[in-house]
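Here's the structure we're looking at; comments come further down.
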Amino acid sequence: MDVKNSPRYLYWLFCQFELITCSYLMEPWEKVLFYSFNLAMLGLLLYTTYVCVAFQASSAFQFTCARVSIENKTPKNVKIQSLLFS
Amino acid sequence: NKTINFYFVFLCSNPGPHHCSGICAFLVKALFSFWFINHIIHNGGLYKRPFNEAFEETPMLVAVLTYVGYGVLTLFGYLRDFMRQWKIEKCQNATEREEQKDFVPLYQDFENFYNRNLYMRIRDSWNRPICSVPGAKVDMMERVSHDYNWTFTYTGRVIKDIINMGSYNYLGFAQKTGPCQEAAAKVLSQYGAGVCSTRQEMGNLDKHEELEKLVARFLGVESAMAYGMGFATNSMNIPALVGKGCLILSDELNHASLVLGARLSGATIRIFKHNNMQSLEKLLKDAIVHGQPRTRRPWKKILILVEGIYSMEGSIVRLPEVIALKKKYKSYLYLDEAHSIGALGPSGRGVVDYFGLNPEDVDVMMGTFTKSFGAAGGYIGGKKELIDYLRTYSHSAAYATSMSPPVVEQIITSVKCIMGEDGTTIGRARVQQLAENTRYFRRRLKEMGFIIYGNEDSPVVPLMLYMPAKIGAFGREMLKRNIGVVVVGFPATPIIESRARFCLSAAHTKEMLDTALKEINEVGDLLQLKYSRRRLVPLLDRPFDETTYEETED
């Protein structure tokens, strides 16, 4: 696995990215513009993933926990609690 | 084999409705295909040798990524154009003058946009100046650009002994030593370099007569005529042969000279799909049945324009089928053997020799001396009446300066060498060496996993690159490793199908080819060019059944 993660392999991957998106042909200031745009988009994507998916995951987790604990309680409480979490 | 061939010729020439005879033929062929070699079965036994042509389909991911690359470059192109218009950046390309800015814009179409923003970035792979004879190895002048390919400066250094995989030097006659060069030097001291006249005035030398007789004998035709420029041979002689009221059926991928000649003639032009005989037959049938568009009169002449080898695809024309169609529908055939003369066939006499056909079946045999003979110019061969007519009525004969004497002598010597009339077997050996080199090179490249287009026997080898950045990268990386290649992109090819085109030569030794293959392998790994999924794509050369016809209908 060391071969895969070595700097040489990562550099080669970066070269492939450059060739596919044609940033190999761009002048340096164009490259800066392009990479900063890409990184900004990537950052936005990660942040959105963190906010939305994390929220959904945590609410789903709480729901399943509540469901498990409901089964140990009275029917009346079950109704109220299930209404609250729906 | 002969009886089976006869049987299939009979079956396939059956003029019944296509689907009936197609199904019967298919069933019988399917039966026999279990027992016999495939190539004898297909097309009624017209082919005496296997016809292996393949064009592997573009992988979907590669096509999508190519479009992504072009999209990014287009966006940046718009940005740069915006900056140039608002004077944020200095404008270095051609624009209209200030006074003309309110007129209709001159440089706004896609070709100019492409030129400014995409071609300029990779321009250093083209127009490279060479400073030696373009043989198997060539010297190149080194040049650098400090403003991203808008201007170039020479460093003064000469890069020596670059393996030349780009010159059309199929039989290796581009030499500065040897019998051809000595004969040409002798004629230069006798006749000088200039002719100073046209063929019809005072420019008809005895050397030209000698050359034309020799070319006619070489091709196996009655008579031939030679011109000073290959492009002009096509563009100036097709208008002399056809005119208004005639029909030209031209292949999709014909060379610019044929297209120009066809357009200049004023005849109606219809295009059939590349090397697709069903498409050609459909057009011929429609032409005979419906005649001219408005008046319904029969066409005066129907001329089919095809090339021997198509240099961008590396494909060879299906000549036996074209000749069979031509005879069936009583039309004429114009065969442009620019790349195939000298390069194909057991004795180097072109695509007619390669298929073992009769040269008299081709009405107009045209070719050039640029590729396999190491000279310049073109010829047309055919019946005596045709050539005599062209001597009088061709624009090229009437207005163009005739061929220069040393060039004529180079052609005479090289043709004699190929025919074996100079007493040696050098010509024959070169033709065989080229065939060997072709087979070896193509096989090795396919094994490595590249997508290679074209016929197995064609010395033109296109290697697919697809992505625009890889066009520039491939050219530069190969030059770093001392190999000169020609890369081609839009507009010579469709926009996503850019390629690198190797032209093999009899002058390449096996060591040179091995070196080149090693470097190509390295660059292929570096740039991830090995796209082939190694699946055999079914060719059109399969039994003609009912579905084949529908495929070609527009």
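So you know, we letter chains A, B, ... as the sequences are listed, proteins then strands, and number each from 1.
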For A:Met26 against B:Val72, the heavy-atom pair lying closest together:
CE-CG1, 3.5 Å

Would you call A:Thr21 and B:Leu65 a side-chain contact if the rule is heavy atoms closer than 4.5 Å?
no

Distance in Å, B:Tyr148 OH paired with A:Glu30 CD, rounded so as to fall on 0.5 Å steps:
9.0 Å

Between A:Glu27 and B:Arg121, does at least one N-O distance fall below 4.0 Å, as a salt bridge requires?
no

Could you state the interatomic distance from CG (A:Leu25) to CG (B:Asn117), rounded to the nearest 0.5 Å?
12.0 Å

CD1/A:Ile20 to CG/B:Leu61 distance, rounded to the nearest 0.5 angstrom?
7.5 Å

How long is the span from the SG atom in A:Cys15 to the CD atom in B:Gln528, to the nearest 0.5 Å?
11.5 Å

How many angstroms lie between atom CZ of B:Phe76 and atom SG of A:Cys22, to the nearest 0.5 angstrom?
10.5 Å

Are B:Met467 and A:Tyr24 packed together at the side-chain level, in the sense that at least one heavy-atom pair is separated by less than 4.5 angstrom?
no

Considering only heavy atoms, which portion of A:Gln16 lies under 4.5 Å from any heavy atom of chain B: side chain, backbone, both, or neither?
side chain

Quick check on B:Leu75 against chain A: is it the side chain, the backbone, both or neither that has a heavy atom closer than 4.5 Å?
neither

Over all atoms of both residues, closest heavy-atom pair of B:Asp525 and A:Trp12:
O-NE1, 3.5 Å

